[in-house]
Amino acid sequence: MFELDGFEAGRRKIGGLGRFAALLVPALAFAQLAFAQVALAQAPAPAPAVDTMPPPAAQSVQDQPGAQAAVARLAVSAQFASDRKPIRSGLNWRILSETADGSAPRIVARSADATPNFMLPPGNYIVHAAYGFASGTKRISLGSQGVNDQVQISAGALTLAGSIGDAPIPAGLLSFQVFVPLQGNSEGRLVTGEAKAGDLIRLPEGTYHVVSTYGDSNAIQRADVRVETGKVTDATLHHRAAKVTLKLVATAGGEAFAGTAFSVLTPGGDVIREAIGAFPQVILAEGDYVLIARQEGQVYSRDFKVESGIDRDIEVLAK
């Protein structure tokens with residue numbers, strides 16, 4: 001069961017996917033993102049990362065050759081849509097000028113400051129604020145007296161972790177994919193496939209499907225997670241898996257043969273993992289397996305069982 005403690009941050013502990021009811025897709029937030037992408041078609045920006053770089057100074061048309069002498073100040077800031085609290089980091093601003101001939105708007109200024117000031121000629125502009133994978137857009141008419149305005153963004157943030165029972169899994173052994181579910185398809189649209197444990201992933205408000213992979217084999221856990229505007233949700237996915245060390249030995253507990261080729265199969269014969277070495281380590285989901293070892297033209301095998309949280313050696317006797 002989910003619990004969200006406090007106003008700015010929450011804690012979610014997640015088991016299997018079956019514990020969660022089907023949740024709504026954050027369609028409105030992604031429709032807004034699609035609108036911004038159309039506006040930026042002539043000068044697409046790189047996809048936002050989960051971690052922001054140190055902000056560069058705001059740029060404006062004053063830095064461009066032939067800029068007009070008469071300019072006014074456009075001061076902008078961003079707020080969370082739910083509570084109007086200011087967003088103080090993680091923002092990337094783009095200012096686009098509207099054209100009288102109906103052609104596509106063009107970017108005339110950009111900044112990664114939290115509250116930038118742009119010096120621009122009076123006119124009509126589109127202000128676009130990107131907050132990770134979320135964004136907000138507003139049309140502003142800039143007069144000679146200047147404008148101070150705010151953009152509202154319906155966004156929160158998500159951090160991910162994994163555990164075996166009560167023991168946390170080292171961040172380097174985990175990888176995450178985050179999807180926007182579509183009707184009848186929990187993995188409808190990939191948002192990010194490269195999230196790491198502890199990353200702050202800024203997202204539009206809504207429900208997301210998270211796939212957690214422990215190691216590089218079949219230790220996979222899934223869950224649906226709700227992101228709320230203005231809050232950081234900490235989600236921990238609980239894996240049922242263990243790390244096993246594969247060995248080919250002449251006698252039980254003996255020295256492992258170097259250069260052995262191992263294959264880990266399901267009881268039905270599907271290959272889960274292959275490795276070569278004296279004692280390679282493999283992370284496997286809880287369950288039954290068949291281990292095949294090949295050494296100097298000889299083939300040896302044994303059945304074994306993986307129990308969650310119990311790391312151990314799996315020895316194959318060369319006889």
message: Under 4.5 Å between side-chain heavy atoms, counting indirect links through other Ile/Leu/Val/Met/Phe/Trp/Tyr residues: same cluster for Ile107 and Ile126 or not?
response: yes
- prompt: Can Ser82 and Glu228 be said to form a side chain to side chain contact (heavy atoms under 4.5 Å, CB included), step by step?
  reply: CA-CA 9 Å; Ser82 60; Glu228 301 180 55; over 6 Å; no
- request: Mark yes or no for whether Gln177, through its side chain, and Leu190, through its backbone, hold a donor-acceptor pair below 3.5 Å.
  value: no
- request: Check whether more than 12 heavy atoms from other residues, nucleotides or ligands sit under 6.0 Å from atom OH of Tyr289, and answer yes or no.
  value: yes
message: Tell me whether Asn218 contacts the main-chain N or O of Leu284 through its side chain, where contact means a donor paired with an acceptor under 3.5 Å.
response: no
- prompt: OG1/Thr159 to CD1/Ile201 distance, rounded to the nearest 0.5 angstrom?
  reply: 8.0 Å
- request: Taking atom CD of Glu194 as the centre, report whether more than 12 heavy atoms of other residues, nucleotides or ligands fall under 6.0 Å from it.
  value: no
task: Measure the OG-CG distance between Ser97 and Leu120 for me, rounded to the nearest 0.5 Å.
output: 9.0 Å
Exercise: do Thr260 and Gln295 side chains pair donor with acceptor under 3.5 Å: yes
query: Should the heavy atoms of other residues, nucleotides or ligands under 6.0 Å from CG of Asp166 be counted, would the total exceed 12?
result: no
message: Tell me whether Arg73 at atom CZ has more than 12 heavy atoms from other residues, nucleotides or ligands lying less than 6.0 Å away.
response: no
query: So, the side chain of Trp93 versus the backbone of Asp113: is there a donor-acceptor pair under 3.5 Å, distance only?
result: yes
- request: Return yes if a side-chain donor-acceptor contact under 3.5 Å exists between Thr115 and Arg88, otherwise no.
  value: no
task: For Gln79 and Lys85, indicate whether the former's side chain and the latter's backbone hold a donor-acceptor pair under 3.5 Å.
output: no
message: Regarding Ser212 and His239, do their side chains bring together a donor and an acceptor under 3.5 Å, going by distance alone?
response: yes
query: Just by distance, do the side chain of Asp199 and the backbone of Lys196 share a donor-acceptor pair under 3.5 Å?
result: yes
task: Check whether more than 12 heavy atoms from other residues, nucleotides or ligands sit under 6.0 Å from atom CD of Glu255, and answer yes or no.
output: no
message: Determine whether a donor-acceptor pair (N or O, by modelled atom type, separation under 3.5 Å) exists between the side chain of Asp311 and the backbone of Lys243.
response: yes
task: Check whether any side-chain N or O of Arg302 sits under 3.5 Å from a backbone N or O of Glu315 as a donor-acceptor pair, and report yes or no.
output: yes
query: Between His209 and Phe179, how do the two ring planes meet: parallel, tilted or perpendicular, split at 30° and 60°?
result: tilted
field: CG-CZ distance between Leu237 and Phe176, expressed to the nearest 0.5 angstrom
entry: 6.0 Å
message: Would you compute the distance between atom CZ of Arg273 and atom CZ of Phe262 and round it to the nearest 0.5 angstrom?
response: 12.0 Å
query: Are Asp224 and Thr207 close enough, and set up right, to give a side-chain hydrogen bond (donor to acceptor under 3.5 Å, both in side chains), and what steps lead you there?
result: CA-CA 7 Å; Asp224 289 336; Thr207 300; over 6 Å; no
- line: Interatomic distance, OH@Tyr125 vs CD@Glu98, rounded to 0.5 Å, equals 10.5 Å
Pairwise distance CG(Leu203) to CG(Leu158) - rounded to 0.5 angstrom: 6.0 Å
